[in-house]
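Here is the structure we will look at.
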Amino acid sequence: MDLAELMRSRRPCVVLTGAGISTESGIPDFRSPSGIWAQYDPMEYATISAFRRDPAKVWEFYALRFEALSRAEPNAGHLALAELERGGFVRAVVTQNIDGLHTRAGSADVIEVHGSIRTASCPACGERMALADLVEALGDDPAPGCARCGEILKPDVVMFGELLPVGALERAQQLVRTAGMLLVVGSSLEVYPVAALPDEALAAGASLAIVNQAPTPYDGLAEVRVDGPAGATLAALAEALASP
Ligand code: NAD
């Protein structure tokens, strides 16, 4: 069976995306040889303890990422998923990405389980600031402070060592348990608890399909496995499903 046949016969589909869907928008992933971790040690830049120890250093890293992320545009893969949602094939997109590209591509139901770079919040008083204002603040200050109380803001992304937003994770789990199919796109399926979603889908009787340019631990359990670029693969899928 190919991906289009599987998606037609196993509706509704829930899609789980990772950094690999956004590499064609110019945003590096984490684990590929050209990914972010080849340049930056995650223990120094992406853990909550690193942030508490040296927030300015972590903000320097995020400032670089903000720049790349705010320049990026949705690619053919993001657009195809939005089209598949409008066509009634995709119920929702659960994403580990913080780049906001699914929403900008037109997907209506997007669950951002690792947060987003749209905003940063004050750990002390809860004040929230928008990305656009933050980028301005970063020009003068490596660790932007809260406009209300002065405490150093934290980007609203989930860092290693932090819990995922409970509501988002519960919604993702509930969606995969009631899906006919889980389609994973551009994720190494190595970051937990999100990497356990395929198990939950399979246990509930859903089919699993994977589009990823590298092996994942779930490849043996997938009914369809495509080792190809997300953009062209999803564009071809949307085109195949556009005709009755
Ligand atoms: P990952 O880096 O572990 O895995 C990405 C996978 O995508 C790799 O296996 C890679 O081979 C594959 N890939 C790369 N380009 C592809 C393409 N064009 N088509 C198909 N496959 C492709 O990423 P992950 O599983 O998402 O988990 C790591 C964490 O990365 C997540 O917590 C996420 O928040 C964070 N992250 C997000 C962004 C973003 O928001 N765009 C970017 C980097 C990392």
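Both counts, for ligands and for their atoms, begin at 1 and track the order of listing.
- Nearest-residue assignment for atom 25 (O) of ligand 1 (options G18, P28, S116, S187; heavy-atom criterion): S187.
- Of all the listed residues (D29, L101, I98, I27), D29 holds the heavy atom that lies closest to atom 14 (C) of ligand 1.
- No more than 12 heavy atoms of other residues, nucleotides or ligands lie within 6.0 Å of CD in E239, so this atom counts as exposed by the packing criterion.
- For the pair E190 and ligand 1, no heavy-atom separation below 4.0 Å is found.
- Checked by distance only, ligand 1 and A230 come closer than 3.5 Å through their nitrogen or oxygen atoms.
- Minimum heavy-atom separation, A130 to T119: CA-CG2, 4.3 Å.
- Side-chain atoms of N75 come within 3.5 Å of backbone atoms of G77 as a donor-acceptor pair (strictly under, hydrogens ignored).
- The single protein non-hydrogen atom nearest to atom 4 (O) of ligand 1 is S188 N, 3.2 Å, given as residue, atom name and distance.
- Listed by number with element, the atoms of ligand 1 under 4.0 angstrom from any heavy atom of A214 are 9 (O), 11 (O).
- When only non-hydrogen protein atoms are considered, atom 33 (C) of ligand 1 lies nearest to Q96 O, 3.0 Å.
- In this structure, atom 41 (N) of ligand 1 lies nearest to the protein heavy atom D99 OD2, 2.7 Å.
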Could you walk me through whether K154 and E162 pass the salt bridge (Lys or Arg N to Asp or Glu O under 4.0 Å) test, one step at a time? CA-CA 12 Å; K154 181 189 164 289; E162 280 192 296; 3.2 Å; yes

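- Residues Y218 and Y192 come closest through the heavy atom pair OH-OH, 4.2 Å.
- Protein heavy atom nearest atom 6 (C) of ligand 1, with residue, atom name and distance: N212 OD1, 3.4 Å.
- Atom CG of residue D219 and atom OG1 of residue T216 lie 3.5 Å apart, to the nearest 0.5 angstrom.
- Taking a cutoff of 4.0 Å between a charged side-chain nitrogen and a carboxylate oxygen, E85 and R91 do not qualify as a salt bridge.
- Close contacts between ligand 1 and T23 involve ligand atoms 14 (C), 15 (N), 16 (C), 17 (C), 18 (N) [criterion: under 4.0 Å to a heavy atom].
- Scanning the protein heavy atoms around atom 32 (O) of ligand 1, the nearest turns out to be H114 ND1, 2.6 Å.
- The protein non-hydrogen atom at the shortest distance from atom 26 (O) of ligand 1 is A19 N, 2.8 Å.
- Taking the six-membered ring for Trp and thresholds of 30 and 60 degrees, H78 and H102 have ring planes more than 60 degrees apart, a perpendicular arrangement.
- Using a non-hydrogen distance threshold of 4.0 Å, A72 does not register as a contact of ligand 1.
- The shortest contact between atom 42 (C) of ligand 1 and any protein heavy atom is with R65 NH2, 3.2 Å.
- Taking a cut-off of under 4.0 Å to the non-hydrogen atoms of G20, the atoms of ligand 1 that pass are 5 (C), 7 (O), 13 (N), 14 (C), 15 (N), 16 (C), 17 (C), 18 (N), 19 (N), 22 (C).
- Nearest protein heavy-atom contact of atom 29 (C) of ligand 1 is F30 CD1, 3.5 Å.
- Checked against F89 for a side-chain contact (heavy atoms from CB on, under 4.5 Å), the options L241, L81, L183 give a single hit: L241.
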